[in-house]
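Here's the structure we're looking at; comments come further down.
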Amino acid sequence: MTSDNKLGPQTRLTHAGRKAEWTGVEGHPSAVVNPPIWRASTHLYPNTKALKEGPKNNCDGRFFYGRRGSPTQWALCDALTSLEPGAAGTMLYPSGVAALTGAFLAVLRPGDVLLMSDHAYEPTRALGQTLLKDFGVETRFFDPLDPAALEAAFCERSRALLLESPGSLTMEMQDIPAACALAKARGVVTIMDNTWAGPLGFTALEHGVDISVMSLTKHVGGHSDLMMGSITTTEQWYAPVRRMAQLTGQVVSPDDASLALRGLRTMAMRLERSTATGLAVAEWLEKQPEVARVFCPMLPGSPGHEIWKRDFTGGCGLMGFAFRGGTVEARNAFIDALKLFGIGYSRGGFESLVTPADPGTIRTASPWPPKGMAETDRLAVRLAIGLEDAADLIADLDQAMGAWRAASE
Ligand SMILES: *Cc1c(COP(=O)(O)O)cnc(C)c1O
């Protein structure tokens with residue numbers, strides 16, 4: 001309905017992607033609030049002449065064939081595009097990883113070099129080390145916190161730069177505008193995994209990114225019942241991304257698109273709540289003698305906080321911390337003692353989750369624990385804070401610290 005950036009985030013989410021032609025019928029525009037779920041493989045044509053002209057309709061927002069979606073998916077694409085200033089369009093994928101794959105395939109060709117942040121999401125690393133490698137693309141990792149290391153990593157064959165901020169496990173904040181400026185000066189395309197903050201917390205394209213990727217499974221879905229991913233790009237990259245998505249048959253079901261739209265409507269409220277609770281948990285963790293370091297860029301004084309404050313307008317409840325020494329058994333005893341946190345992957349749902357995190361085991365270009373942390377402070381925990389009350393979560397973490405102490409004796 002509107003993409004006016006001056007409106008507040010929750011107002012924009014309320015109106016995003018709503019068009020009378022998708023929610024009404026002839027004679028009664030805007031009949032219902034949400035676009036109906038259009039289940040369709042075949043799209044019908046009135047006659048052979050219209051069928052012959054069909055390919056002309058093979059563009060966004062036109063009926064053509066099921067793989068091109070229907071108003072349910074179009075409404076979601078339109079909403080996501082409207083949330084990202086500078087965006088030309090959005091493509092949907094069956095998962096966040098499928099979206100990352102779509103971005104790589106749209107940009108990279110054999111012989112190219114992909115530069116990847118050493119703190120990137122592990123399955124993203126795996127794509128570089130396996131699929132892309134097999135296709136003749138070389139992936140080189142660089143220290144996300146060292147701009148000189150990035151600058152030195154560029155070569156004649158560099159084609160794309162994969163950024164993520166904060167990093168999935170370590171919450172290290174990258175200077176995205178600086179990295180994009182280095183890439184732009186060399187004609188290198190920037191792809192950013194913007195799942196952590198999403199467009200409400202970080203306007204990726206406005207900060208210089210060419211291709212913004214998101215796992216909608218997380219904050220957009222918001223209820224742990226949906227897998228989906230998206231790519232939102234500038235004008236220059238929209239056509240190649242869309243072409244690769246169509247060539248490889250990427251499509252999401254209208255039922256899932258409808259769930260994602262439903263999640264999107266309350267996303268700002270949920271993010272606000274989980275961010276505030278996450279910060280309260282981080283502040284509490286920081287004071288615990290068992291904790292060596294809290295990984296939460298929203299926490300004043302923590303590494304990366306200045307970058308977060310400068311570039312971001314929001315956060316989320318994904319954070320972590322490292323124990324002061326201790327054993328794997330003690331860390332596991334802590335996790336197993338938690339009653340209000342589910343043990344499982346993902347985040348952005350209404351429920352809090354916990355997993356062990358061992359970032360040091362996958363990094364290749366930069367050390368972990370980083371400078372300033374003891375080598376023994378390497379056992380970490382990742383927390384995905386949900387919508388529960390902060391006091392209850394903190395009380396739960398507090399009693400689980402007792403289990404860590406007992407196991408450490
Ligand atoms: C979860 C996640 C993904 C992958 O998304 P799926 O929808 O689970 O495939 C990619 N990047 C980040 C940062 C994630 O947290």
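As the structure lists them, so they are numbered: ligands from 1, and atoms in each ligand from 1. Worth saying up front: this structure is predicted, and the values here are computed from it rather than measured.
- Aromatic ring pairs are classed by plane angle as parallel below 30°, tilted from 30° to 60° and perpendicular above 60°; the pair Trp404 and Phe323 is parallel.
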Does Thr364 form a side-chain hydrogen bond (donor to acceptor under 3.5 Å, both in side chains) with Arg125? I'd like the steps, not just the answer.
CA-CA 11 Å; Thr364 49; Arg125 290 181 73 97; 3.1 Å; yes
Test log, rule side chain to side chain contact (heavy atoms under 4.5 Å, CB included), inputs Leu100 and Tyr93
CA-CA 9 Å; Leu100 285 159; Tyr93 300 79; over 6 Å; no
Distances under 3.5 Å, N/O of ligand 1 against N/O of the protein: list each pair and its distance.
{"from": "ligand 1", "atom 1": "5 (O)", "to": "Ser215", "atom 2": "OG", "distance (Å)": "2.9"}
{"from": "ligand 1", "atom 1": "7 (O)", "to": "Gly96", "atom 2": "N", "distance (Å)": "2.8"}
{"from": "ligand 1", "atom 1": "7 (O)", "to": "Ser215", "atom 2": "OG", "distance (Å)": "2.8"}
{"from": "ligand 1", "atom 1": "7 (O)", "to": "Thr217", "atom 2": "OG1", "distance (Å)": "2.5"}
{"from": "ligand 1", "atom 1": "9 (O)", "to": "Gly96", "atom 2": "N", "distance (Å)": "3.0"}
{"from": "ligand 1", "atom 1": "9 (O)", "to": "Val97", "atom 2": "N", "distance (Å)": "3.0"}
{"from": "ligand 1", "atom 1": "11 (N)", "to": "Asp193", "atom 2": "OD2", "distance (Å)": "2.5"}
{"from": "ligand 1", "atom 1": "15 (O)", "to": "Lys218", "atom 2": "NZ", "distance (Å)": "2.8"}
{"from": "ligand 1", "atom 1": "15 (O)", "to": "Arg347", "atom 2": "NE", "distance (Å)": "3.3"}
{"from": "ligand 1", "atom 1": "15 (O)", "to": "Arg347", "atom 2": "NH2", "distance (Å)": "2.9"}

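- Side-chain contact of Ser366 with Asp118: a donor-acceptor pair under 3.5 Å is present, judged by distance alone.
- Exactly one of Thr232, Leu205, Ile231, Val189 qualifies for a side-chain contact (heavy atoms from CB on, under 4.5 Å) with Trp237. That residue is Val189.
- Scored by the side-chain contact (heavy atoms from CB on, under 4.5 Å) test, Pro177 finds Asp175, His207, Arg310, Asp311 as partners (sequence neighbours excluded).
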